[in-house]
Amino acid sequence: WRAQGEEGWLRQHEYVEKLNMHGILSASAGQEQLLTELLVTHAKIPVLIGELISVEIWKHKVFPVLCRLEDFKPRSTFPIYVVLHHEASIINLLETVFFFKEICESAEDSILDLIDYCHRKLTLLAARITCGAPAQGADPVPPQELQKQAEMMEFEISLKALSVLRFITDQVDSLPLGALTRMLNTHNLPCLLVELVEHCPWSCWEAGKLKKFENGTWHVVPPEDQVKMTKLDGQVWLALLNLLLSPECQRKYHFDGFNKSQLLKLRAFLTDVLIDQLPNLVEMQRFLSYLAVTDPAPPKKDLIIEQVPVIWDRILKKNSGKWEAVAKHQVKHAFSPTEEELKLQARRWAQTYSLDMMEALAADKPRCRVCGAEAAKRCSRCRQEWYCTRACQVQHWQKHKPACNLMAEVAKSVDDL
(Lines give C-alpha, C1' and ligand atoms only; values in the text may rest on other atoms or scores of the structure.)
Protein backbone atom coordinates (compact mmCIF):
# COMPACT_ATOMS: atom_id res chain seq x y z
CA TRP A 1 0.00 0.00 0.00
CA ARG A 2 2.94 2.36 0.70
CA ALA A 3 4.11 1.74 -2.88
CA GLN A 4 1.57 4.14 -4.44
CA GLY A 5 3.40 6.41 -6.85
CA GLU A 6 6.44 4.14 -7.16
CA GLU A 7 7.60 2.36 -10.31
CA GLY A 8 5.56 -0.85 -9.99
CA TRP A 9 2.42 1.05 -9.02
CA LEU A 10 2.84 3.46 -11.96
CA ARG A 11 2.99 0.49 -14.32
CA GLN A 12 -0.25 -0.81 -12.83
CA HIS A 13 -1.88 2.62 -13.24
CA GLU A 14 -0.77 2.61 -16.86
CA TYR A 15 -2.54 -0.73 -17.41
CA VAL A 16 -5.71 0.62 -15.76
CA GLU A 17 -5.57 3.71 -17.96
CA LYS A 18 -5.26 1.59 -21.10
CA LEU A 19 -8.19 -0.57 -19.98
CA ASN A 20 -10.15 2.61 -19.36
CA MET A 21 -9.41 3.96 -22.84
CA HIS A 22 -10.25 0.59 -24.38
CA GLY A 23 -13.55 0.56 -22.48
CA ILE A 24 -14.51 4.04 -23.69
CA LEU A 25 -13.64 3.25 -27.31
CA SER A 26 -15.41 -0.15 -27.17
CA ALA A 27 -18.51 1.39 -25.60
CA SER A 28 -18.70 4.03 -28.31
CA ALA A 29 -18.63 1.22 -30.89
CA GLY A 30 -21.03 -1.02 -28.92
CA GLN A 31 -18.36 -3.72 -28.56
CA GLU A 32 -17.72 -3.91 -24.79
CA GLN A 33 -18.20 -7.70 -24.63
CA LEU A 34 -14.50 -8.55 -25.07
CA LEU A 35 -13.46 -6.29 -22.20
CA THR A 36 -16.20 -7.56 -19.87
CA GLU A 37 -15.26 -11.19 -20.59
CA LEU A 38 -11.61 -10.39 -19.85
CA LEU A 39 -12.43 -8.76 -16.49
CA VAL A 40 -14.82 -11.56 -15.47
CA THR A 41 -12.55 -14.44 -16.57
CA HIS A 42 -9.55 -13.09 -14.67
CA ALA A 43 -11.61 -12.03 -11.61
CA LYS A 44 -10.40 -8.43 -11.85
CA ILE A 45 -13.52 -6.60 -10.61
CA PRO A 46 -12.81 -7.29 -6.89
CA VAL A 47 -9.20 -6.20 -7.52
CA LEU A 48 -10.34 -2.92 -9.07
CA ILE A 49 -12.78 -2.27 -6.21
CA GLY A 50 -10.00 -2.88 -3.67
CA GLU A 51 -7.69 -0.50 -5.51
CA LEU A 52 -10.45 2.11 -5.75
CA ILE A 53 -11.00 2.12 -1.98
CA SER A 54 -7.25 2.06 -1.31
CA VAL A 55 -6.75 5.29 -3.29
CA GLU A 56 -9.81 6.84 -1.63
CA ILE A 57 -8.29 6.20 1.81
CA TRP A 58 -4.91 7.52 0.62
CA LYS A 59 -6.63 10.72 -0.52
CA HIS A 60 -8.31 11.23 2.87
CA LYS A 61 -5.49 10.10 5.17
CA VAL A 62 -2.11 10.56 3.45
CA PHE A 63 -2.66 13.36 0.93
CA PRO A 64 -3.55 15.99 3.61
CA VAL A 65 -0.37 15.05 5.51
CA LEU A 66 1.68 15.54 2.33
CA CYS A 67 0.18 19.00 1.85
CA ARG A 68 1.10 19.97 5.44
CA LEU A 69 4.75 18.88 5.30
CA GLU A 70 6.77 22.10 5.45
CA ASP A 71 9.95 20.61 4.00
CA PHE A 72 8.17 19.00 1.03
CA LYS A 73 8.71 21.21 -2.01
CA PRO A 74 8.52 18.89 -5.03
CA ARG A 75 10.08 19.81 -8.36
CA SER A 76 6.85 18.62 -9.98
CA THR A 77 3.44 17.71 -8.52
CA PHE A 78 2.66 15.42 -11.45
CA PRO A 79 3.47 12.13 -9.61
CA ILE A 80 1.00 13.06 -6.85
CA TYR A 81 -1.61 14.08 -9.42
CA VAL A 82 -1.31 10.64 -11.05
CA VAL A 83 -2.28 8.97 -7.73
CA LEU A 84 -5.24 11.34 -7.35
CA HIS A 85 -6.27 10.61 -10.94
CA HIS A 86 -6.06 6.84 -10.36
CA GLU A 87 -9.39 6.87 -8.50
CA ALA A 88 -11.06 8.71 -11.40
CA SER A 89 -9.67 6.19 -13.91
CA ILE A 90 -10.98 3.18 -11.98
CA ILE A 91 -14.47 4.57 -11.31
CA ASN A 92 -14.73 5.57 -14.98
CA LEU A 93 -13.81 2.02 -16.03
CA LEU A 94 -16.36 0.56 -13.60
CA GLU A 95 -19.04 2.92 -14.92
CA THR A 96 -18.35 1.64 -18.44
CA VAL A 97 -18.60 -2.08 -17.58
CA PHE A 98 -21.10 -2.28 -14.71
CA PHE A 99 -23.94 -2.01 -17.21
CA PHE A 100 -23.47 -5.77 -17.71
CA LYS A 101 -25.03 -8.24 -15.26
CA GLU A 102 -22.05 -10.61 -15.36
CA ILE A 103 -19.74 -7.80 -14.20
CA CYS A 104 -21.98 -7.06 -11.23
CA GLU A 105 -22.13 -10.74 -10.33
CA SER A 106 -18.34 -11.17 -10.68
CA ALA A 107 -17.80 -8.55 -7.96
CA GLU A 108 -19.10 -11.16 -5.49
CA ASP A 109 -18.83 -10.00 -1.84
CA SER A 110 -16.79 -6.90 -2.77
CA ILE A 111 -20.04 -5.42 -4.14
CA LEU A 112 -20.76 -4.50 -0.49
CA ASP A 113 -17.58 -2.42 -0.40
CA LEU A 114 -18.56 -0.76 -3.68
CA ILE A 115 -22.04 0.03 -2.32
CA ASP A 116 -20.43 1.70 0.72
CA TYR A 117 -18.07 3.62 -1.58
CA CYS A 118 -20.97 4.89 -3.70
CA HIS A 119 -22.88 5.87 -0.55
CA ARG A 120 -19.93 7.97 0.66
CA LYS A 121 -19.71 9.73 -2.70
CA LEU A 122 -23.46 10.38 -2.93
CA THR A 123 -23.41 11.81 0.60
CA LEU A 124 -20.72 14.27 -0.56
CA LEU A 125 -22.89 15.17 -3.55
CA ALA A 126 -25.96 15.77 -1.38
CA ALA A 127 -23.93 18.05 0.91
CA ARG A 128 -22.49 20.08 -1.98
CA ILE A 129 -23.69 23.71 -1.95
CA THR A 130 -21.32 25.49 -4.35
CA CYS A 131 -21.81 25.82 -8.11
CA GLY A 132 -19.10 25.44 -10.70
CA ALA A 133 -15.38 24.93 -10.21
CA PRO A 134 -13.58 26.11 -7.06
CA ALA A 135 -12.51 29.74 -7.18
CA GLN A 136 -8.97 30.24 -8.44
CA GLY A 137 -6.61 32.34 -6.35
CA ALA A 138 -3.59 34.19 -7.65
CA ASP A 139 -0.62 31.88 -8.22
CA PRO A 140 -1.42 29.19 -5.65
CA VAL A 141 1.49 27.23 -4.23
CA PRO A 142 1.75 23.59 -5.43
CA PRO A 143 -0.02 21.93 -2.44
CA GLN A 144 -2.94 24.37 -2.67
CA GLU A 145 -3.19 23.84 -6.42
CA LEU A 146 -3.25 20.08 -5.92
CA GLN A 147 -6.00 20.39 -3.30
CA LYS A 148 -8.12 22.43 -5.73
CA GLN A 149 -7.58 19.86 -8.47
CA ALA A 150 -8.54 17.08 -6.03
CA GLU A 151 -11.73 18.96 -5.11
CA MET A 152 -12.73 19.38 -8.74
CA MET A 153 -11.95 15.72 -9.42
CA GLU A 154 -13.98 14.61 -6.37
CA PHE A 155 -17.16 16.09 -7.84
CA GLU A 156 -16.77 14.24 -11.13
CA ILE A 157 -15.85 10.99 -9.35
CA SER A 158 -19.03 11.30 -7.26
CA LEU A 159 -21.12 11.66 -10.42
CA LYS A 160 -19.53 8.50 -11.83
CA ALA A 161 -20.31 6.71 -8.56
CA LEU A 162 -23.96 7.70 -9.01
CA SER A 163 -24.02 5.92 -12.38
CA VAL A 164 -22.31 2.84 -10.94
CA LEU A 165 -24.86 2.68 -8.12
CA ARG A 166 -27.72 2.89 -10.60
CA PHE A 167 -26.26 -0.08 -12.54
CA ILE A 168 -25.98 -2.03 -9.27
CA THR A 169 -29.67 -1.37 -8.55
CA ASP A 170 -30.50 -2.79 -12.00
CA GLN A 171 -29.39 -6.18 -10.63
CA VAL A 172 -31.22 -6.25 -7.28
CA ASP A 173 -32.43 -9.80 -7.94
CA SER A 174 -28.91 -11.21 -8.31
CA LEU A 175 -27.01 -9.30 -5.61
CA PRO A 176 -25.30 -11.25 -2.80
CA LEU A 177 -27.00 -11.81 0.53
CA GLY A 178 -27.06 -8.61 2.55
CA ALA A 179 -26.37 -6.17 -0.31
CA LEU A 180 -30.01 -5.15 -0.61
CA THR A 181 -30.37 -4.76 3.16
CA ARG A 182 -27.27 -2.58 3.17
CA MET A 183 -28.62 -0.30 0.44
CA LEU A 184 -32.13 -0.01 1.87
CA ASN A 185 -31.69 -0.05 5.63
CA THR A 186 -28.04 0.47 6.58
CA HIS A 187 -27.57 3.43 4.22
CA ASN A 188 -31.22 4.28 3.41
CA LEU A 189 -30.31 5.02 -0.20
CA PRO A 190 -33.90 5.84 -1.25
CA CYS A 191 -33.94 8.87 1.07
CA LEU A 192 -30.44 9.90 -0.04
CA LEU A 193 -31.59 9.77 -3.68
CA VAL A 194 -34.59 11.96 -2.75
CA GLU A 195 -32.06 14.51 -1.43
CA LEU A 196 -30.30 14.46 -4.79
CA VAL A 197 -33.61 15.01 -6.63
CA GLU A 198 -34.37 17.97 -4.34
CA HIS A 199 -30.98 19.70 -4.43
CA CYS A 200 -29.69 18.52 -7.84
CA PRO A 201 -25.97 19.35 -7.27
CA TRP A 202 -25.19 19.15 -11.01
CA SER A 203 -27.58 22.05 -11.70
CA CYS A 204 -27.61 25.58 -10.27
CA TRP A 205 -28.59 29.18 -10.94
CA GLU A 206 -25.83 31.73 -11.36
CA ALA A 207 -26.32 35.38 -12.33
CA GLY A 208 -29.89 34.64 -13.37
CA LYS A 209 -28.88 31.78 -15.69
CA LEU A 210 -29.37 28.04 -15.25
CA LYS A 211 -26.12 26.07 -15.44
CA LYS A 212 -25.82 22.29 -15.65
CA PHE A 213 -22.82 19.99 -15.45
CA GLU A 214 -22.63 17.66 -18.43
CA ASN A 215 -19.77 15.90 -20.21
CA GLY A 216 -17.16 17.19 -17.77
CA THR A 217 -18.04 20.89 -17.81
CA TRP A 218 -20.56 23.47 -16.57
CA HIS A 219 -22.56 25.16 -19.31
CA VAL A 220 -25.46 27.60 -19.50
CA VAL A 221 -28.77 25.95 -20.45
CA PRO A 222 -30.94 27.86 -22.95
CA PRO A 223 -34.51 28.56 -21.72
CA GLU A 224 -36.09 26.04 -24.12
CA ASP A 225 -33.96 23.20 -22.65
CA GLN A 226 -34.34 23.99 -18.96
CA VAL A 227 -36.98 21.30 -18.35
CA LYS A 228 -35.03 18.69 -20.30
CA MET A 229 -33.88 15.73 -18.20
CA THR A 230 -30.11 15.23 -18.11
CA LYS A 231 -28.38 11.86 -17.98
CA LEU A 232 -27.62 12.40 -14.28
CA ASP A 233 -31.28 13.18 -13.52
CA GLY A 234 -32.21 9.97 -15.29
CA GLN A 235 -29.72 7.91 -13.25
CA VAL A 236 -31.28 9.09 -9.97
CA TRP A 237 -34.84 8.36 -11.11
CA LEU A 238 -33.91 4.93 -12.50
CA ALA A 239 -32.17 4.00 -9.23
CA LEU A 240 -35.28 5.06 -7.31
CA LEU A 241 -37.49 2.99 -9.62
CA ASN A 242 -35.29 -0.06 -9.07
CA LEU A 243 -35.18 0.33 -5.28
CA LEU A 244 -38.83 1.20 -4.66
CA LEU A 245 -40.80 -0.83 -7.19
CA SER A 246 -39.05 -4.18 -6.83
CA PRO A 247 -41.23 -6.55 -4.75
CA GLU A 248 -38.17 -7.76 -2.83
CA CYS A 249 -37.16 -4.16 -2.02
CA GLN A 250 -40.68 -3.30 -0.87
CA ARG A 251 -40.61 -6.35 1.41
CA LYS A 252 -37.31 -5.32 3.02
CA TYR A 253 -37.59 -1.51 3.19
CA HIS A 254 -38.93 0.08 6.37
CA PHE A 255 -41.64 2.56 5.33
CA ASP A 256 -41.75 4.37 8.68
CA GLY A 257 -43.09 7.91 9.14
CA PHE A 258 -39.82 9.63 8.23
CA ASN A 259 -39.02 7.51 5.18
CA LYS A 260 -42.59 7.80 3.94
CA SER A 261 -42.62 11.61 4.26
CA GLN A 262 -39.29 11.86 2.42
CA LEU A 263 -40.41 9.64 -0.45
CA LEU A 264 -43.67 11.54 -0.87
CA LYS A 265 -41.64 14.67 -1.65
CA LEU A 266 -40.99 13.08 -5.05
CA ARG A 267 -44.61 13.70 -6.11
CA ALA A 268 -43.88 17.41 -6.56
CA PHE A 269 -41.20 16.57 -9.17
CA LEU A 270 -43.25 14.06 -11.17
CA THR A 271 -44.63 16.52 -13.70
CA ASP A 272 -46.15 15.60 -17.06
CA VAL A 273 -43.06 16.99 -18.78
CA LEU A 274 -40.77 14.72 -16.75
CA ILE A 275 -42.94 11.64 -17.26
CA ASP A 276 -43.04 12.28 -21.02
CA GLN A 277 -39.24 11.97 -21.01
CA LEU A 278 -39.15 8.85 -18.81
CA PRO A 279 -42.51 7.05 -19.15
CA ASN A 280 -41.55 4.43 -16.51
CA LEU A 281 -42.15 7.13 -13.91
CA VAL A 282 -45.89 6.56 -14.31
CA GLU A 283 -45.38 3.45 -12.16
CA MET A 284 -43.55 5.55 -9.58
CA GLN A 285 -46.43 8.05 -9.55
CA ARG A 286 -48.93 5.24 -8.91
CA PHE A 287 -46.81 3.75 -6.15
CA LEU A 288 -46.47 7.12 -4.36
CA SER A 289 -50.23 7.73 -4.62
CA TYR A 290 -50.81 4.34 -3.01
CA LEU A 291 -48.15 5.03 -0.34
CA ALA A 292 -49.82 8.33 0.57
CA VAL A 293 -53.06 6.65 1.65
CA THR A 294 -51.74 3.41 3.18
CA ASP A 295 -49.34 2.27 5.87
CA PRO A 296 -47.25 -0.55 4.40
CA ALA A 297 -46.54 -3.50 6.65
CA PRO A 298 -43.22 -3.35 8.52
CA PRO A 299 -40.42 -5.31 6.87
CA LYS A 300 -40.29 -9.00 7.58
CA LYS A 301 -37.38 -9.78 9.89
CA ASP A 302 -35.37 -12.60 8.43
CA LEU A 303 -32.97 -14.49 10.66
CA ILE A 304 -29.73 -14.05 8.71
CA ILE A 305 -26.04 -13.53 9.31
CA GLU A 306 -25.37 -10.07 7.90
CA GLN A 307 -22.48 -9.67 5.51
CA VAL A 308 -20.31 -6.62 6.00
CA PRO A 309 -17.72 -4.96 3.73
CA VAL A 310 -14.11 -5.61 4.74
CA ILE A 311 -11.76 -3.66 2.45
CA TRP A 312 -12.14 -0.20 4.07
CA ASP A 313 -11.79 -1.50 7.66
CA ARG A 314 -8.88 -3.80 6.78
CA ILE A 315 -6.82 -0.95 5.29
CA LEU A 316 -7.63 1.43 8.15
CA LYS A 317 -6.71 -1.11 10.85
CA LYS A 318 -3.48 -2.10 9.13
CA ASN A 319 -2.27 1.50 8.77
CA SER A 320 -3.81 3.16 11.83
CA GLY A 321 -1.36 5.67 13.31
CA LYS A 322 1.05 5.25 10.39
CA TRP A 323 -0.29 7.90 8.01
CA GLU A 324 2.53 10.39 8.57
CA ALA A 325 5.15 7.65 8.23
CA VAL A 326 3.52 6.54 4.96
CA ALA A 327 3.53 10.14 3.69
CA LYS A 328 7.23 10.60 4.51
CA HIS A 329 8.09 7.26 2.89
CA GLN A 330 6.27 8.27 -0.28
CA VAL A 331 7.92 11.71 -0.32
CA LYS A 332 11.30 9.99 -0.29
CA HIS A 333 10.60 7.10 -2.66
CA ALA A 334 7.81 8.27 -5.00
CA PHE A 335 7.10 12.00 -5.00
CA SER A 336 10.60 13.50 -5.25
CA PRO A 337 11.75 12.21 -8.64
CA THR A 338 14.94 13.43 -10.29
CA GLU A 339 14.79 15.44 -13.50
CA GLU A 340 15.75 12.33 -15.46
CA GLU A 341 12.95 10.31 -13.84
CA LEU A 342 10.44 13.05 -14.66
CA LYS A 343 11.52 12.99 -18.31
CA LEU A 344 11.11 9.21 -18.35
CA GLN A 345 7.61 9.50 -16.88
CA ALA A 346 6.70 12.19 -19.43
CA ARG A 347 7.77 9.92 -22.29
CA ARG A 348 5.82 7.02 -20.83
CA TRP A 349 2.59 9.02 -20.56
CA ALA A 350 3.09 10.50 -24.01
CA GLN A 351 3.27 6.92 -25.31
CA THR A 352 0.22 5.83 -23.26
CA TYR A 353 -1.91 8.59 -24.78
CA SER A 354 -0.35 8.43 -28.25
CA LEU A 355 -2.46 8.02 -31.34
CA ASP A 356 -0.84 4.65 -32.02
CA MET A 357 -2.04 3.38 -28.66
CA MET A 358 -5.55 4.80 -29.12
CA GLU A 359 -5.79 3.21 -32.55
CA ALA A 360 -4.51 -0.14 -31.27
CA LEU A 361 -7.28 -0.11 -28.65
CA ALA A 362 -10.02 1.10 -30.99
CA ALA A 363 -12.46 -1.49 -32.27
CA ASP A 364 -13.02 0.17 -35.66
CA LYS A 365 -10.52 0.43 -38.50
CA PRO A 366 -9.42 3.98 -39.48
CA ARG A 367 -11.25 5.71 -42.33
CA CYS A 368 -9.93 7.85 -45.20
CA ARG A 369 -10.12 11.59 -44.43
CA VAL A 370 -11.28 12.32 -48.00
CA CYS A 371 -13.67 9.57 -49.12
CA GLY A 372 -14.42 7.64 -45.92
CA ALA A 373 -13.20 4.28 -47.20
CA GLU A 374 -11.20 1.95 -44.94
CA ALA A 375 -7.68 3.37 -44.79
CA ALA A 376 -4.27 1.73 -44.53
CA LYS A 377 -1.98 4.73 -45.17
CA ARG A 378 -1.23 7.57 -42.77
CA CYS A 379 0.51 10.94 -42.98
CA SER A 380 4.10 10.01 -42.06
CA ARG A 381 4.88 13.47 -40.68
CA CYS A 382 2.13 14.17 -38.11
CA ARG A 383 0.66 10.63 -38.06
CA GLN A 384 -2.84 12.00 -37.48
CA GLU A 385 -4.67 11.73 -40.81
CA TRP A 386 -5.51 8.50 -42.64
CA TYR A 387 -5.97 7.90 -46.39
CA CYS A 388 -6.96 4.96 -48.54
CA THR A 389 -4.73 5.91 -51.49
CA ARG A 390 -1.92 8.28 -52.39
CA ALA A 391 -4.39 10.19 -54.61
CA CYS A 392 -6.64 11.04 -51.65
CA GLN A 393 -3.62 12.19 -49.61
CA VAL A 394 -2.42 14.52 -52.40
CA GLN A 395 -5.96 15.90 -52.85
CA HIS A 396 -6.19 16.74 -49.14
CA TRP A 397 -2.66 18.13 -48.68
CA GLN A 398 -3.40 21.86 -49.06
CA LYS A 399 -6.07 21.71 -46.35
CA HIS A 400 -4.00 19.45 -44.11
CA LYS A 401 -0.64 21.26 -44.43
CA PRO A 402 -1.09 23.99 -41.72
CA ALA A 403 -2.35 21.50 -39.10
CA CYS A 404 0.33 19.01 -40.09
CA ASN A 405 3.09 21.56 -39.48
CA LEU A 406 1.68 22.47 -36.07
CA MET A 407 1.25 18.87 -34.88
CA ALA A 408 4.70 17.89 -36.11
CA GLU A 409 6.19 20.70 -33.99
CA VAL A 410 4.28 19.54 -30.90
CA ALA A 411 5.42 15.96 -31.41
CA LYS A 412 9.04 17.11 -31.76
CA SER A 413 8.82 19.10 -28.48
CA VAL A 414 7.59 15.98 -26.64
CA ASP A 415 10.44 13.89 -28.09
CA ASP A 416 12.95 16.54 -26.94
CA LEU A 417 11.89 16.24 -23.28
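Computed over heavy atoms, backbone and side chain alike; hydrogens, waters and symmetry mates excluded. Keep in mind that what you see is a predicted model, and the values were worked out from it rather than measured.
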| request: Quick one: do Arg251 and Glu248 satisfy salt bridge (Lys or Arg N to Asp or Glu O under 4.0 Å)? Show the steps, please. | output: CA-CA 5 Å; Arg251 190 179 71 85; Glu248 182 65 12; 3.0 Å; yes
Would you confirm whether [X], through its side chain, and [Y], through its main-chain N or O, come within 3.5 Å as a donor-acceptor pair?
{"X": "Gln277", "Y": "Met229", "answer": "yes"}
{"X": "Ser336", "Y": "Lys332", "answer": "no"}
{"X": "Ser320", "Y": "Lys317", "answer": "no"}
{"X": "Ser246", "Y": "Leu243", "answer": "no"}
{"X": "Gln262", "Y": "Val194", "answer": "no"}
{"X": "Glu341", "Y": "Thr338", "answer": "yes"}
{"X": "Asp113", "Y": "Pro309", "answer": "no"}

More than 12 non-hydrogen atoms from neighbouring residues, nucleotides or ligands closer than 6.0 Å to [atom1] on [X], yes or no?
{"X": "Lys59", "atom1": "NZ", "result": "yes"}
{"X": "Glu224", "atom1": "CD", "result": "yes"}
{"X": "Lys44", "atom1": "NZ", "result": "no"}
{"X": "Phe255", "atom1": "CZ", "result": "yes"}
{"X": "Lys231", "atom1": "NZ", "result": "no"}
{"X": "Arg369", "atom1": "CZ", "result": "no"}
{"X": "Glu324", "atom1": "CD", "result": "no"}

Side chains of [X] and [Y] only: does a donor on one sit below 3.5 Å from an acceptor on the other?
{"X": "Arg166", "Y": "Asn242", "answer": "no"}
{"X": "His85", "Y": "Gln149", "answer": "no"}
{"X": "Asp233", "Y": "Trp202", "answer": "yes"}
{"X": "His187", "Y": "Asp116", "answer": "yes"}
{"X": "Tyr117", "Y": "Glu87", "answer": "yes"}
{"X": "Thr230", "Y": "Glu214", "answer": "no"}
{"X": "Gln330", "Y": "Trp58", "answer": "yes"}
{"X": "Glu374", "Y": "Trp386", "answer": "no"}

| Would you say Asn405 and Arg381 make side-chain contact, with heavy atoms under 4.5 Å? |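 Heavy-atom side-chain distance check passes, below 4.5 Å.
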| Can the ring centres of Phe98 and Phe100 be said to be less than 6.0 Å apart? |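 No - the distance between ring centres of Phe98 and Phe100 does not fall below the 6.0 Å cut-off.
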| task | Measure from NZ or CZ of Arg128 to the centre of the six-membered ring of Phe155, then state whether that distance is under 6.0 Å and the direction lies within 45° of the axis. | result |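 Yes, a cation-pi geometry.
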